[in-house]
Amino acid sequence: MEPEAFKASSEDQQKQGAGADRRTGGKAAAHRLRRRTRLRRQQVASLRELNRQTATFATEQAIEDLRKAFAGYDELKVWIGDLEQDVLEHFDRFRPSSRARTTNPLHLHDNQLGSTM
């Protein structure tokens with residue numbers, strides 16, 4: 001309802017109009033919240049996939065070297081496969097802790113790299 005029309009309307013009409021505006025506003029807010037939640041889930045999934053790809057790239061040569069070195073041991077083939085999956089599924093466990101990053105004098109901080117994270 002336009003402000004001029006709202007002022008010219010009766011008190012009952014004003015209450016009805018204000019209630020409709022609140023309902024409409026509430027629906028819009030709920031829609032924005034659902035959209036934001038959906039986008040956040042997509043971001044998390046994308047980041048998880050990017051991290052998995054990065055971990056794959058970082059570990060694939062070492063895993064392949066293990067497979068070649070222990071090719072004659074059939075029991076180790078399964079273990080190496082499990083190791084690879086564990087690293088890819090739990091790559092966060094293999095990253096340095098935030099404490100280790102701050103105490104390592106060779107570590108470059110994000111602001112030194114020009115990152116905005």
*Asks:* With a 4.0 Å cut-off on N to O distance, would you call R48 and E89 a salt bridge?
*Replies:*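 Looking at E89 together with R48, the answer is no, because their closest N to O distance does not fall below 4.0 Å.
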*Asks:* Does a side-chain heavy-atom distance below 4.5 Å link L83 with L66?
*Replies:*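 In short, these two side chains touch, coming nearer than 4.5 Å.
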*Asks:* Say you draw a straight line from CD of E60 to CG of D65; how long is it, rounded to the nearest 0.5 Å?
*Replies:*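 Rounded to the nearest 0.5 Å, the CD-CG separation comes out at 11.0 Å.
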*Asks:* Quick one: are I63 and V87 in side-chain contact, heavy atoms under 4.5 Å?
*Replies:*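 Heavy-atom side-chain distance check fails, nothing below 4.5 Å.
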*Asks:* Would you say that more than 12 heavy atoms from the other residues, nucleotides or ligands in this model lie under 6.0 Å from the NE2 of H90, or not?
*Replies:*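 It does: H90 NE2 has more than 12 such atoms within range.
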*Asks:* Measuring from atom CZ of F91 to atom OG1 of T59, what distance do you get when rounded to the nearest 0.5 angstrom?
*Replies:*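 Here the interatomic distance stands at 11.5 Å.
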*Asks:* How long is the straight-line distance from CG of D82 back to CG of D86, given to the nearest 0.5 Å?
*Replies:*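 So the CG of D86 and the CG of D82 are separated by 8.5 Å.
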*Asks:* Under a single-linkage definition using a 4.5 Å side-chain heavy-atom cutoff for Ile, Leu, Val, Met, Phe, Trp and Tyr, are F57 and L50 assigned to the same hydrophobic cluster?
*Replies:*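 F57 does not cluster with L50.
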*Asks:* State the CZ-OG1 distance between R32 and T37, to the nearest 0.5 angstrom.
*Replies:*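 It is 12.5 Å, given to the nearest 0.5 Å.
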*Asks:* How many angstroms lie between atom CD of Q42 and atom CZ of R40, to the nearest 0.5 angstrom?
*Replies:*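 Separation between the atoms: 12.0 Å.
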*Asks:* Can you check whether E84 reaches R67 side chain to side chain, under 4.5 Å on heavy atoms?
*Replies:*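 Answer yes - side chains close enough.
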*Asks:* Can you get from W79 to Y73 by hopping between Ile, Leu, Val, Met, Phe, Trp and Tyr side chains that sit under 4.5 Å apart?
*Replies:*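 They do share one cluster, since a chain of ILVMFWY contacts under 4.5 Å joins W79 to Y73.
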*Asks:* If you round to the nearest 0.5 Å, how far is OG1 of T56 from CZ of R52?
*Replies:*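 That separation rounds to 5.5 Å.
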